[in-house]
**Student:** 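Please read through the structure below; I'll follow up with questions.
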Amino acid sequence: MHTSFADQLAGLDLAGFSVGPAPLSTSDFPVREAVVQTLEAVWSDLFAMVSGTALEADAEDLGWAFVNIFHRSAERKSTALDRATDEVRALIATADGSEVHTHDLETQVERAQCAESAMLALEEMREVAAGLYLNEFGSSWKPVSSSRFNHSAMLTSALVEGRDFLRARAEAKRRAAVPEGTPVVFAGGRTRHATEDDALTFGNNVWATLDKVRDRVPDMVLIHGGDTKGVDRLASSWAERRGIPQVTFSLDMRLGARAGFKRNERMLSLDPRYVIAFPGNGVLERLVIEAKARRITVVDRRGPLGTNPKNTSARTD
């Protein structure tokens, strides 16, 4: 994980060297209005083409791949930025004051600035495409095994994989590389509902609960498991709509039966302000117990259709 190139340069000893303006400006890239109009048109034509055909069942996969085109391109530019930054560090370490050395350094700085500008432009395209995906399928777009950084927006809509988050903390790079804010853990399992009305009520309760917590924690960072088929999907969609940064802790299947408990441990290690609990399995029950033991406030919504179980027992009595 890297900071923006400007942040990295600030930490280097550039005494004797001058860093000029980037050789590219925002006017060298497509304007946002053109990006939005073009991608909306392509998206509309793509799904109009498969609608009513045997490929309609694969529409979500096609939509995911469409967003992923821009994500992968941005990642390649990010890798180029890392390489150029490493070259800058190496050149500074071997500085001899010669004109040749100075020229090499300036060339590497230009390459890094070009890579960063292109990365930001491609990330913006991905975010526009991700917004189309959200509107079409009702869920936040998530890469398979990496994080979804958004450097140009200072990570406002970032979706960061938990391993990257912890690695950045260990390397003292959290401020520049991962979302800043107050962690709030969201947990719940996969649920089935008898009717569509029940499913709608459950979804509304999830969003209403998250809205209430956000009112108390305006700078919240949503921490969840990233399950695309469970209640995490609802929470992720809420965060996307509200512009809330997310950190996902997927299960490490190499740990077998211990995977869920290890994920609990990692999420609680962030010292969250709240743990929001919706119906789930025994692993979630353990998360609630451990959170209370650490004096973390638990917003308990494990009752029917995502309600407070105390309210249910009170009505029964």
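Quick caveat: nothing in here was measured; it's all calculated off a predicted structure. Heavy atoms only: backbone and side chains are in, while hydrogens, waters and symmetry mates are out.
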**Student:** Quick one, Val217 and Tyr274 - any side-chain contact, counting heavy atoms below 4.5 Å?
**Tutor:** yes

**Student:** If only atom types and distance count, is the side chain of Arg263 paired as donor or acceptor with the main-chain N or O of Phe249 below 3.5 Å?
**Tutor:** yes

**Student:** At their closest point, which heavy atom of Trp43 faces which heavy atom of Ala129, and how far apart are they?
**Tutor:** CZ3-O, 4.4 Å

**Student:** Between the side chains of Asp227 and Arg190, is the shortest nitrogen-to-carboxylate-oxygen separation below 4.0 Å, so that they form an ion pair?
**Tutor:** yes

**Student:** Please check this pair: side chain of Ser44 against backbone of Glu40, looking for a donor-acceptor N/O pair closer than 3.5 Å.
**Tutor:** no

**Student:** Minimum heavy-atom separation for Ala121 to Phe29, with atom names?
**Tutor:** CB-CD2, 3.7 Å

**Student:** Any heavy-atom pair between the side chains of Asp211 and Arg242 that's under 4.5 Å?
**Tutor:** yes

**Student:** Do Thr182 side-chain atoms and Asp219 backbone N/O form a donor-acceptor pair below 3.5 Å?
**Tutor:** no

**Student:** In terms of hydrophobic clusters joined by side-chain contacts under 4.5 Å, are Leu134 and Val128 together?
**Tutor:** no

**Student:** Hey, could you give me the CD/CG distance between Glu127 and Leu122, rounded to the nearest 0.5 Å?
**Tutor:** 12.0 Å

**Student:** Mind checking the CG-OG1 spacing from Leu305 to Thr191? Nearest 0.5 Å is all I need.
**Tutor:** 9.0 Å

**Student:** Are Asp271 and Arg294 close enough for a salt bridge, meaning some N to O gap below 4.0 Å?
**Tutor:** no

**Student:** So, do Ile296 and Pro272 sit near enough that their side-chain heavy atoms are less than 4.5 Å apart?
**Tutor:** yes

**Student:** Should the pair Phe202 and His193 be assigned to parallel (<30°), tilted (30 to 60°) or perpendicular (>60°) ring geometry?
**Tutor:** tilted

**Student:** How close do Ala74 and Met119 get, heavy atom to heavy atom, and via which atoms?
**Tutor:** O-CG, 3.8 Å

**Student:** Take Val275 and Phe186 through the test side-chain contact (heavy atoms from CB on, under 4.5 Å) and record every step on the way to the result.
**Tutor:** CA-CA 6 Å; Val275 168; Phe186 179 94; over 6 Å; no

**Student:** Could you go step by step and tell me if Met220 and Ile244 meet the side-chain contact (heavy atoms from CB on, under 4.5 Å) rule?
**Tutor:** CA-CA 7 Å; Met220 72 180 286; Ile244 302 297; 3.9 Å; yes

**Student:** Give the other cluster members for Leu200, using side-chain heavy-atom distances under 4.5 Å between Ile, Leu, Val, Met, Phe, Trp and Tyr residues; answer none if it is isolated.
**Tutor:** none

**Student:** Can you see which heavy atom on Leu234 is nearest to which on Gly203, and at what distance?
**Tutor:** CD1-CA, 4.0 Å

**Student:** Using side-chain contact (heavy atoms from CB on, under 4.5 Å), reason through Phe261 and Leu255 one step at a time and then give a plain yes or no.
**Tutor:** CA-CA 10 Å; Phe261 299 104; Leu255 298 176; over 6 Å; no

**Student:** Which atom names give the shortest non-hydrogen contact between Leu222 and Ala239, and what distance separates them?
**Tutor:** CD2-CB, 3.9 Å

**Student:** To the nearest 0.5 angstrom, please state how far the CD atom of Glu265 sits from the CZ atom of Arg258.
**Tutor:** 9.0 Å

**Student:** To the nearest 0.5 Å, what is the distance between CZ on Arg72 and CZ on Arg126?
**Tutor:** 13.0 Å

**Student:** Test of understanding: clusters of I, L, V, M, F, W, Y form through side-chain heavy atoms closer than 4.5 Å, transitively. Do Met267 and Leu251 belong to the same one?
**Tutor:** no

**Student:** Consider only side-chain N and O atoms of Arg233 and Ser139, and report whether a donor and an acceptor are under 3.5 Å apart.
**Tutor:** yes

**Student:** What do you reckon, is CZ of Arg273 surrounded by more than 12 foreign heavy atoms closer than 6.0 Å?
**Tutor:** no

**Student:** Evaluate the criterion side-chain contact (heavy atoms from CB on, under 4.5 Å) for residue pair Ile276 and Val213; output intermediate values, then yes/no.
**Tutor:** CA-CA 9 Å; Ile276 304 173; Val213 173; 3.7 Å; yes

**Student:** Taking all heavy atoms of Glu56 and all of Ser51, pick out the closest pair and write down the distance.
**Tutor:** OE1-C, 4.0 Å

**Student:** Compare all side-chain heavy atoms of Ile223 with those of Arg266 and state whether any distance is below 4.5 angstrom.
**Tutor:** no

**Student:** Give a yes or no answer on whether the side chain of Ser73 reaches the backbone of Phe70 with a donor-acceptor pair at less than 3.5 Å.
**Tutor:** no

**Student:** Should Leu39 and Val35 count as side-chain neighbours, where that means a heavy-atom distance under 4.5 Å?
**Tutor:** yes

**Student:** Distance-only check: which donor-acceptor pairs under 3.5 Å involve side-chain atoms of residues 283-291, not counting sequence neighbours?
**Tutor:**
residue	atom	partner	partner atom	Å
Glu285	OE1	Arg302	NH1	2.4
Glu285	OE2	Arg302	NH1	3.1

**Student:** If you round to the nearest 0.5 Å, how far is NZ of Lys77 from CD of Glu116?
**Tutor:** 12.5 Å

**Student:** Once you round to the nearest 0.5 Å, how far does CG of Leu62 lie from CD of Glu60?
**Tutor:** 10.5 Å

**Student:** Taking the side chain as every heavy atom from C-beta outward, state whether Thr209 and Lys212 have any atom pair closer than 4.5 Å.
**Tutor:** no

**Student:** Short question: side chain of Thr201, backbone of Asp197 - any donor-acceptor pair under 3.5 Å?
**Tutor:** yes

**Student:** Would you check if Thr307 and Phe278 make a side-chain contact, meaning some heavy-atom pair closer than 4.5 Å?
**Tutor:** no

**Student:** With a 3.5 Å distance limit and no angle check, can you tell me whether Glu240 reaches the backbone of Ser236 through a side-chain donor-acceptor pair?
**Tutor:** no

**Student:** With sequence neighbours left out, write down each residue that passes ring pair (Phe, Tyr, Trp, His ring centres under 6.0 Å) with Phe137, or none if nothing qualifies.
**Tutor:** Phe47, Tyr133

**Student:** Judged by modelled atom types alone, do Asn68 and Trp141 share a side-chain donor-acceptor pair under 3.5 Å?
**Tutor:** no

**Student:** Sub-3.5 Å donor-acceptor pair from the side chain of Thr53 to the main-chain atoms of Val50, do we have one?
**Tutor:** yes

**Student:** Mind checking whether Val42 and Val67 sit in one hydrophobic cluster, side chains of I, L, V, M, F, W, Y counted as touching below 4.5 Å?
**Tutor:** yes

**Student:** Could you tell me if the side chain of Val184 sits less than 4.5 Å from the side chain of Val221, heavy atoms only?
**Tutor:** no

